[in-house]
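Just so we're on the same page: letters track the sequence lines, and every chain starts at 1. These figures come from a predicted structure and were not determined experimentally.
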There are 2 protein chains.
Amino acid sequence: MSDLLERLRDRGWRLTAQRRVVAQVLDGDHVHYTADEIHALAVNLLPEISRATVYNTLGELVSLGEVLEVSTDGRAKRYDPNARHAHQHLVCDACGTIRDVHPAGDPLGSLPATERYGFTISGVEVTYRGLCPDCGTA
Amino acid sequence: MSDLLERLRDRGWRLTAQRRVVAQVLDGDHVHYTADEIHALAVNLLPEISRATVYNTLGELVSLGEVLEVSTDGRAKRYDPNARHAHQHLVCDACGTIRDVHPAGDPLGSLPATERYGFTISGVEVTYRGLCPDCGTA
DNA sequence: ATCCAGAATTGGATCTTGTCCAAAACCGAA
DNA sequence: TTCGGTTTTGGACAAGATCCAATTCTGGAT
Ligand SMILES: [Mn+2]
Ligand SMILES: [Mn+2]
Ligand SMILES: [Zn+2]
Ligand SMILES: [Zn+2]
């Protein structure tokens with residue numbers, strides 16, 4: 001059983017067949033699927049699973065902190081199971097590919113105290129944009 | 001006439017009444033309105049302007065590099081006329097307020113060469129999240 | 001001043017993403 | 001086995017955005 005499923009069971013989550021296949025699709029640390037992609041992949045494993053259940057399950061996983069929502073453009077949100085290791089994203093502007101990259105130093109540190117305007121800051125998202133090797137001008 | 005309108009005219013843009021009021025609404029460097037907010041404000045100045053024209057005009061301004069699109073959440077995109085000075089955003093998770101903040105050092109520098117995976121990197125977006133003074137736990 | 005072709009605008013249809021809801025199915029404790 | 005709470009489901013609904021064919025506008029040519 002995957003780490004993810006194990007942690008969920010430890011939290012008293014009822015492990016239904018539907019939740020199991022959603023977790024299974026997300027398993028592996030380097031995917032960034034949309035909800036509809038996850039639904040399509042889940043249907044391969046459990047043909048009768050509904051779109052609503054996929055959205056419900058993803059919402060619960062996000063609330064539990066097991067999955068991150070990533071909005072790299074104004075399109076569909078992507079769901080990132082790599083919630084345990086802080087990381088940032090490198091996005092191809094042409095094909096939308098997303099890669100995980102890892103911070104050098106604390107990105108929060110780059111915001112000077114004089115630029116906080118009384119906010120209580122809880123996090124920072126960094127998205128690098130460019131062209132991937134496949135899409136770059138050959 | 002605003003700087004923005006002047007630059008647009010210099011580029012040979014046809015300055016219609018509709019485009020003028022959209023530019024007028026965006027004038028001033030610290031706004032981050034949604035397309036519908038811009039439409040509502042534009043209607044005050046030119047009652048018959050359509051939503052489609054607001055979207056068309058915003059799209060053109062973005063193509064020209066005069067306005068930036070900002071997607072801070074999965075909701076409506078926001079349009080940022082402050083495209084001439086590199087800056088980052090500080091977003092309140094409770095009320096959605098956006099403030100401009102200014103980088104200390106080049107945020108691009110924080111991505112190690114070993115983490116570029118053959119991408120040609122063209123830019124970076126940094127979004128700090130937290131609670132604004134109004135929304136913070138009093 | 002008038003005409004005309006290309007540019008711009010318009011309202012509504014359409015699409016995508018996501019949420020909501022009431023009914024049905026499921027599950028596990030008693 | 002029964003029963004109440006939990007989960008799932010399909011379809012309705014909503015927001016944001018795009019598309020499109022019809023119309024209006026515009027500025028240069030005459
Ligand atoms: Mn990731
Ligand atoms: Mn800004
Ligand atoms: Zn690419
Ligand atoms: Zn706030």
Side-chain angles (χ1 to χ4, degrees), chain A residues 5 8-9 11-26 32-64 66-80 96 98, chain B residues 5 8-26 32-64 66-80 91 96 98:
Chain A
L5 285 177
L8 293 175
R9 204 187 31 183
R11 298 211 199 200
W13 229 44
R14 200 187 277 194
L15 269 196
T16 65
Q18 288 86 350
R19 288 170 172 184
R20 197 180 300 271
V21 299
V22 170
Q24 196 171 332
V25 167
L26 287 174
H32 301 93
Y33 294 136
T34 65
D36 276 343
E37 286 167 352
I38 292 167
H39 180 239
L41 292 166
V43 163
N44 293 339
L45 305 172
L46 184 69
E48 66 274 24
I49 190 173
S50 76
R51 222 170 53 99
T53 295
V54 170
Y55 273 103
N56 287 344
T57 304
L58 290 172
E60 288 156 8
L61 290 171
V62 170
S63 293
L64 291 171
E66 293 289 351
V67 167
L68 299 176
E69 276 180 352
V70 180
S71 317
T72 54
D73 52 10
R75 311 288 313 282
K77 286 178 196 161
R78 294 180 172 272
Y79 291 87
D80 185 341
I98 302 180
Chain B
L5 285 177
L8 293 174
R9 206 189 30 183
D10 290 350
R11 297 212 200 199
W13 231 43
R14 190 129 87 177
L15 269 196
T16 65
Q18 290 84 351
R19 288 169 171 185
R20 197 182 299 271
V21 300
V22 170
Q24 196 171 334
V25 167
L26 288 173
H32 302 92
Y33 294 136
T34 65
D36 275 344
E37 285 167 353
I38 292 167
H39 179 239
L41 291 165
V43 162
N44 293 337
L45 304 172
L46 184 68
E48 66 274 23
I49 191 173
S50 74
R51 225 168 53 99
T53 295
V54 170
Y55 273 103
N56 289 342
T57 304
L58 290 172
E60 287 156 8
L61 290 171
V62 170
S63 293
L64 291 172
E66 293 288 351
V67 167
L68 301 175
E69 276 181 353
V70 180
S71 320
T72 53
D73 52 11
R75 310 290 311 285
K77 286 179 195 158
R78 292 179 174 274
Y79 291 87
D80 185 340
V91 178
I98 302 180

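In this structure, Ile49(A) places its CD1 atom 14 Å from P of dT7(D), rounding to the nearest Å. Rounded to whole Å, atom P of dG11(C) lies 13 Å from atom CG of Asn56(B). As rounded to whole Å, 13 Å separates atom P of dA25(C) from atom CD of Glu48(A). One atom, CH2 of Trp13(A), and another, P of dC27(C), lie 15 Å apart when rounded to the nearest Å. Between Asp73(A) atom CG and dG16(D) atom P the separation is 17 Å, expressed in whole Å. Atom OH in Tyr33(B) sits roughly 17 Å away from atom P in dG16(D) (whole-Å rounding). One can place CG of Leu58(A) at 12 Å from P of dT8(D), the figure rounded to the nearest angstrom. Rounded to an integer number of Å, the gap from CG of Leu8(B) to P of dA8(C) is 12 Å.
A distance of 10.5 Å separates CG of Leu58(A) from NZ of Lys77(A), quoted to the nearest 0.5 Å.
Side-chain proximity of Lys77(B) to dT10(C), dA15(D), dA17(D): nearest is dA17(D). Among the nucleotides dT9(C), dT17(C), dT9(D), the one closest to any side-chain atom of Ala76(A) is dT17(C).
Between the Arg19(A) side chain and the Arg14(A) main chain, a donor and an acceptor come within less than 3.5 Å of each other.
Closest approach of Ile38(A) and Tyr33(A) over heavy atoms only: CG1-CB, 3.5 Å. Shown here for Ala76(B) and Asp73(B), the closest heavy-atom pair between the two residues is O-OD1, 4.3 Å.
A sub-4.0 Å separation between OP1 or OP2 of dA8(C) and a side-chain N or O of Arg19(B) is present. For dC26(C), the OP1/OP2 oxygens have no side-chain nitrogen or oxygen of Gln18(A) closer than 4.0 Å. A close approach under 4.0 Å does not occur between any side-chain nitrogen or oxygen of Ser50(A) and OP1 or OP2 of dT8(D). A sub-4.0 Å separation between OP1 or OP2 of dA17(D) and a side-chain N or O of Tyr55(B) is present.
Within the 4.5 Å cutoff, the side chain of His39(A) has heavy atoms near those of the Val43(A) side chain.
Using a 4.0 Å heavy-atom cutoff across all strands shown, Thr16(B) reaches sugar-phosphate atoms only and no base atom.
Looking at which nucleotide of DNA chain C each of Ala52(A) and Arg14(A) is closest to, the 5′-most match is held by Ala52(A). Remark on DNA chain D: of its neighbouring residues Glu60(A) and Asp36(B), the 5'-side contact belongs to Glu60(A), judged by nearest-heavy-atom nucleotide.
A donor-acceptor contact under 3.5 angstrom links the side-chain atoms of Arg51(B) to the base of dA17(D).
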